[in-house]
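This structure is a prediction, so every number in the text was calculated from the model and none was measured.
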Amino acid sequence: MTKPQVAPDMLVKQTRQDEMYKRSKKMIFKRSALSVATAVGVLGLSQAAFAELTWGESGSYQQEGNFPVEQYQPAGYQPNSQSNSSQTNSFSQNNSQQNDAYQVDSGAGSFTAAAIAAERGDVNALYNYEQSMSGGLFAMYPTYWRMNLDLNSQSPAAVSQFVRQYPDTVMAEKLAADFAETKAGSNDYAAVRQVANLITNADASEKCAVALGFNNGGDTMRAMASKSDVWLTTKKQPALCDQLALEMNNNALISNPERVSRLKRMLRKGKTGDIMALSSKLGIPIPYASLSEIQLNPSSFFSRFAREPASQTNQYLYLYAMGRVAEKSYREAALQLDFDIKQDNQRSAKLLTDDTRRAVYRTLGVQRMNHNTDDGFNVEAVDWFRNSLDNDFSFEEAEYYAMAAIRFSRWDDVVEAISRMDADSQKSNQWQYWLARAYEQSNDTKKRNTAKKMYQNIAKSNEYYGLMAKDKIGQRFDASRLGGSNLPNVSSADRARVMQNPHFARAFALYNADASRAYANREWNWAVKKARDSRDEKLIIAAARQAYDMGWLDRAIYAIDNTDNVNSVAISHPMPHQSAVVRHSQSAGIDPAWAYGIMRQESRFVASARSNVGASGLMQVMPDTAKYIARNLGETYSASRANSGDTNIRYGTWYMGDIFGKLNSQPVLATAGYNAGPNNAKRWQPSYGSLAADQYVESIAFPETRNYVKHVMENATIYSSLLGRDQPISQRMGTVFAAF
C-alpha cells in the first residue's frame, strides 16, 4: 500500500495534544492502580517496589482505567476473527522469549516519582533519581528534567555529554533541540552552533533556531537550507522563523532581487521592521515616519501620490498603502487600483510601473481568497491572480491561485498556477492530479493522453488522490489485495526483537503504566523513525502488531502509515466496536464506512481522547453538540455518559445523520460540516448550478477542514471495501449542488 509521503523531520512530531508535553506546560498527576514496575513486569522485565503513582498532562490523551496487557482491550474491541491464538495477545504469550530484553532496575520504577519531582522543581531529588535510575531503561529522564528546568544556564558541553551518554534516544534529541531554541531566543548563537549537529529531527522552530546559529556564525550556506520555508511566507510561523527571515536579509547569499521579492510581501503585510531593514539593504531606505503616516491615513497618500514624480520609494509606499486598504476591504482596494490605473493610463509618463500593478493585483487575489467563507467565492480572484502573472510567486500565492481556478473550472489558469510552484510541489500527487484534471479538459488529444498517463501513475497510491485517479482510469480499490481483514503474521524472533529494542520497550512500558500519553507516544514515534531509518520494516510490523493486539490502535496506525512498503489495512484501518458502529450507523441512516472514516480521523480510536477545544470520545463530540443530541433523543445529558464508548458512537452517528439530512444528503458537505460546522459547509457551496465534489473539497477555505474531508473520504473508501460494501471514492463524493 503506497503511503502518503511524510517528511522525515515530522515522523516523531506529535499532535497538539502530544505537544502539551512541552516544558512550559504543567503536568497533572494522578493515582494509578498499575505502576511502571507492574507494566515492566508484564513485559517480562525485572522490577522493584516503589510508589504506585503515574502522571499525565492536561490536554493529553488519557486512557481511563488500568489493565494488565494480556487483558486490556478497548471497550467493544475484538481482535480480528481470523487471527489465531498464537497471534493474539502476543505480549503475554512471548514473555519466555524476552529474557534477552532490556533489563530494567529500580530506575524504571522511579520514573513517576522522578516526574513528580520535576514538576516540583526539586533539583536535589532529581539528582538522587539520576543515581538510583542509572543504567535503567528510563535513566535519561531525571537528567533531562533537571537540565530542562533551567536550560539557559546549561552549557553546550553539558548538552553534548547528555547526548553522548544517551545516544540515539528521543530525549537526547529533545534536549539538544530545546537547548538550541532557548539559546537562539536569547541570541546566544555560538551555543546553538555547538549543538546543531546533534539535532537530527527538528521541527519548524528548531530548524529556524539552528539556521539562526549558522546565519550569525559565518556558515551562510547552511543557513540558506531554511530559506524556502521562511523567506516569502506571509502566514503565521514560529517567532524564531520570523527572526531568521529578518536576519537573512544580511546573508551574503541573498540577492537583491530576492530582497525585493520579500519586501513586496512585507509591504503587503505591513511588517514595519522588515520593510525598513530590506529597503535599507537595497539602498532605498523607507522612513518609519512615512509608513506611520500612511498607516493612519492611506487616502491622503493616494491623493499626494498622483501629484508627486515617480520614484521607486513611492512605488513601495503605494504597495504599502494598498496593503493597508486591502486589509480593511479588498473591495475598496480594488476600486482604488481601478481608479488609479485609469488615471495613470491617461498620463504620458505612468506613475505606476507594471511591476507595481502586478504586485497590487496579487495582494487583491490573496485577500479575496482569505474572505471566501464570509463573502462567498468569486471568479474575480482568478482574474486578479491572472493579472499578477510573473515569475515571482510564493507557494502560498500559487496555491491560492490554483484553488481559485479549480473552483471555477478555469483549467488554463490551473496549469498556470501549478507552473508557478516549486518543482517538488509540482511533482506531488496533489498537483499532478489537478494538472491531469486540467489536461483532461483540453481539446488537445496529446494533453488528454498525457492526463491518462498521469492518472495511471498517481493511481499506484491508495491515498486520496490515488483513489480519485483510480476512478479516472477504471481501477477499483480492493482491500483484499492489501491483506484485507487478515493481520500480518509475525515471527517469534521479530516479536522478541520488539522488546529487545530500547525505544519500543520504553514506549510499551509507559503505555502500560498509564503514564502521560505524550511520553509514550513520543518514545513510540521515535522508535518507528529509528526502525524506518534502518529500513527494518519487519520490526515496525512486529511492533505495530503487538500494539494492535493490546488495543493501542493509534500508534499501530501511526507505525503502518509511516512505512513505505507495508501493506496491512487490517492494522492501518482497524474496526473496533464494529457491532456498535454498524448498529448505530444503520439506526442513523448513514454508511458505517463513513462513520469509521470519521472516527479514524477524529480520535484514531482513542476512547479517552480530549481535544483542546473540549471535543471528546471516539467521535470527538463537543459538549454543546452532545447536549443538542441528548435533547433530540429525549435523554438527560450526562458528560460522563456522552464520553463513553457506546454512547459516544451513538451520539456521533446520530449527529452525522442529522447533518447529512440538513445538507442535502451530501456526504462531502456533511463531512465538512462535522468538522467546521454545517453553516460553514453551506457557505462553501456554489451559488448556483453544481460543482464536482473534488473541486468543492479543494477550495474549502479552512486548510484543516480541507485536509480533514480528504482523509475522511479516503478512510471511508477503504472501510467500505473492508466491510464488503465497496463504493468508489468518486461515487461516494458525488456532486455538490448550489445552496438553497
Side-chain angles (χ1 to χ4, degrees), residues 15-17 59-64 73-77 517 551 553-554 557 573-633 635 637-663 667-678 680-681 704-705 707-720 722-723:
T15 60
R16 246 183 233 116
Q17 290 85 355
S60 65
Y61 287 175
Q62 295 296 324
Q63 193 69 45
E64 299 299 329
Q73 301 288 355
Y77 177 71
R517 189 59 55 84
L553 300 183
D554 63 311
I557 292 169
H573 291 75
M575 293 187 289
H577 317 281
Q578 187 170 337
S579 61
V581 170
V582 172
R583 183 174 72 257
H584 294 315
S585 295
Q586 290 175 340
S587 177
I590 64 169
D591 180 3
W594 181 37
Y596 265 126
I598 291 279
M599 191 185 298
R600 184 183 189 273
Q601 196 59 29
E602 288 287 350
S603 69
R604 283 295 194 270
F605 307 109
V606 178
S608 57
R610 303 284 187 277
S611 79
N612 59 353
V613 294
S616 61
L618 292 164
M619 303 291 286
Q620 288 291 279
V621 180
M622 293 287 289
D624 286 346
T625 303
K627 293 174 185 177
Y628 166 78
I629 296 167
R631 282 197 308 272
N632 279 273
L633 292 175
E635 299 176 3
Y637 170 74
S638 163
S640 61
R641 191 158 53 99
N643 295 338
S644 70
D646 186 79
T647 301
N648 195 264
I649 293 170
R650 181 163 60 88
Y651 278 20
T653 51
W654 185 92
Y655 187 59
M656 289 174 69
D658 184 56
I659 296 177
F660 189 67
K662 290 176 178 177
L663 293 174
V668 166
L669 287 178
T671 301
Y674 196 93
N675 179 260
N680 281 326
E704 177 188 330
T705 303
N707 292 327
Y708 177 90
V709 174
K710 293 175 188 177
H711 286 307
V712 170
M713 291 295 104
E714 171 192 322
N715 293 343
T717 302
I718 293 171
Y719 277 117
S720 72
L722 284 168
L723 289 166

For the residue pair [X] and [Y], what are the closest heavy atoms and their distance?
X: Gly614; Y: Pro623; answer: O-CD, 3.4 Å
X: Val581; Y: Pro592; answer: CG1-O, 4.1 Å
X: Thr653; Y: Ala588; answer: O-CB, 3.3 Å
X: Pro667; Y: Phe660; answer: N-CE1, 3.7 Å

Just wondering, do [Y] and [X] contact through their side chains at under 4.5 Å, heavy atoms?
X: Val582; Y: Met575; value: no
X: Val621; Y: Asn648; value: yes
X: Tyr651; Y: Glu635; value: yes
X: Phe605; Y: Tyr596; value: yes
X: His584; Y: Met619; value: no
X: Arg583; Y: Ile649; value: no

Atom pair [atom1] ([X]) and [atom2] ([Y]), whose distance is rounded to the nearest 0.5 Å:
X: Ser585; Y: Arg650; atom1: OG; atom2: CZ; answer: 13.0 Å
X: Asp591; Y: Gln586; atom1: CG; atom2: CD; answer: 10.0 Å
X: Asn675; Y: Gln601; atom1: CG; atom2: CD; answer: 9.0 Å

(message) Quick check on side-chain contact (heavy atoms from CB on, under 4.5 Å): which of Arg600, Arg604, His577, Glu602 does Leu618 satisfy it with?
(response) His577
(message) I'd like to know if the side chain of Tyr719 and the backbone of Pro574 have a donor-acceptor N/O pair within less than 3.5 Å.
(response) yes
(message) Donor-acceptor check, side chain of Gln620 to backbone of Ala609, threshold 3.5 angstrom: yes or no?
(response) yes
Output side-chain donor-acceptor pairs under 3.5 Å for residues 625-633, partner residues at least two apart or in another chain, one line each.
residue : atom : partner : partner atom : Å
Tyr628  : OH   : Asp658  : OD2          : 3.0
Tyr628  : OH   : Lys662  : NZ           : 2.8
Asn632  : ND2  : Tyr628  : O            : 2.8

(message) side-chain contact (heavy atoms from CB on, under 4.5 Å), that's the test. Do Ile598 and Tyr708 meet it? Break it down for me.
(response) CA-CA 9 Å; Ile598 291 279; Tyr708 177 90; 3.4 Å; yes
(message) Under a plain distance cut-off of 3.5 Å, with no hydrogens placed, do Thr671 and Trp594 share a side-chain donor-acceptor pair?
(response) yes
